[in-house]
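Single-structure report; data block below.
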Amino acid sequence: MFEEAQYFAPVSAQDDGSVVVELATSHPGFADQVYRARRNAIAALAVNHRQGEPIPAAEYTEQEHRIWSLISHELAIKHRKYATAEYLEGASRLGLPTDRIPQLQEVSELLEPLTGFRYLPAAGLVPLRDFYGVLADGYFHSTQYIRHHSVPFYTPEPDVVHEVIGHANALANDRFAALYRLAGAAARRVESDEALEFVSKVFWFTLEFGVMAESGELRAYGAGILSSYGEIEEFRGMDIRPLDLRVMGATQYDITKYQDVLFRAESMRHLEDVVGAFWETCDDDSIAELQAGVISR
Ligand SMILES: [Fe+2]
């Protein structure tokens, strides 16, 4: 079974200025020293990058470009069947290359004229407050490496396929871009870690793993589903629940497996009315009230 997860390998900066990505022994690239050296070099690009500077180009092998090409062709076919109209509209506006991995700087330059969003390179896990906060300014933190070539349809961590095919295509759509910005504004507004976690869970169950009714069938708009070759074929069979903020904020999830509980918006407008309006106005008090069940949505 193919799997896609959101586990980030730890990254550490050494005293000599080099950067080391610690891949788990179960990672498909663990024993590949050439891949690991490339991962370290790509992580160093992000560690040394400063916002406002161009994003340095990552070096990819021909084999890695072919993996991107294979995945993007396969996913594009599945997207026509499973992705929502707004996501497809974003993908068509953005026009990502399908024959090679685009550099993040290039993705940024394609995206900015459309919705104002720009990419920032991330070496690994970005603290929640930073990751979400800068969405309010139109910045999206993104990893730059690609999965190991031995398993083109599997990655234990979010790679450039997830970040760009999953997220950039959505960020190229005006309505989704507005939702990402509202999530960022919410993350900036809330003060407690608990409230921030609530905001991030709503993000997880919508912009990462959201599904939506469209023309009488269930389609996906979440980047985690739309970038996963396996999960995209499975989501319709999951436990599909109504879009409910309180329930989303209280639902636990396992990042290492397919998401088996998903929340369905009835339309894009419904998503905006429930989730967009929540992010637009929420604060620590309103979230505490939601958690206490005082307000039903
Ligand atoms: Fe993501």
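As the structure lists them, so they are numbered: ligands from 1, and atoms in each ligand from 1. Keep in mind it's a predicted model, so treat the numbers as computed, not measured. Just so you know, residue 1 is the first one in the sequence shown, and it goes up from there.
The backbone N or O of L226 lies less than 3.5 Å from a partner atom in the side chain of H79, making a donor-acceptor pair.
Pairs of residues two or more places apart, or lying in two chains, that qualify as salt bridge (charged side-chain N to carboxylate O under 4.0 Å, His left out) and include a residue from residues 167-188 are E86-R175, R93-D174, D137-R188, R175-E272.
Here E280 pairs with nothing under the salt bridge (Lys or Arg N to Asp or Glu O under 4.0 Å) rule; sequence neighbours left out.
For H162, the N/O/S atom at the shortest distance from the Fe ion (ligand 1) is named NE2.
Contact detail for F235 and I240: the closest heavy-atom pair is O-CD1, 3.6 Å.
Put simply, E163 stays out of reach of the Fe ion (ligand 1), with no N, O or S atom under 2.8 Å from it.
To the nearest 10 degrees, the angle centred on the Fe ion (ligand 1) between OE2 in E208 and NE2 in H167 reads 90°.
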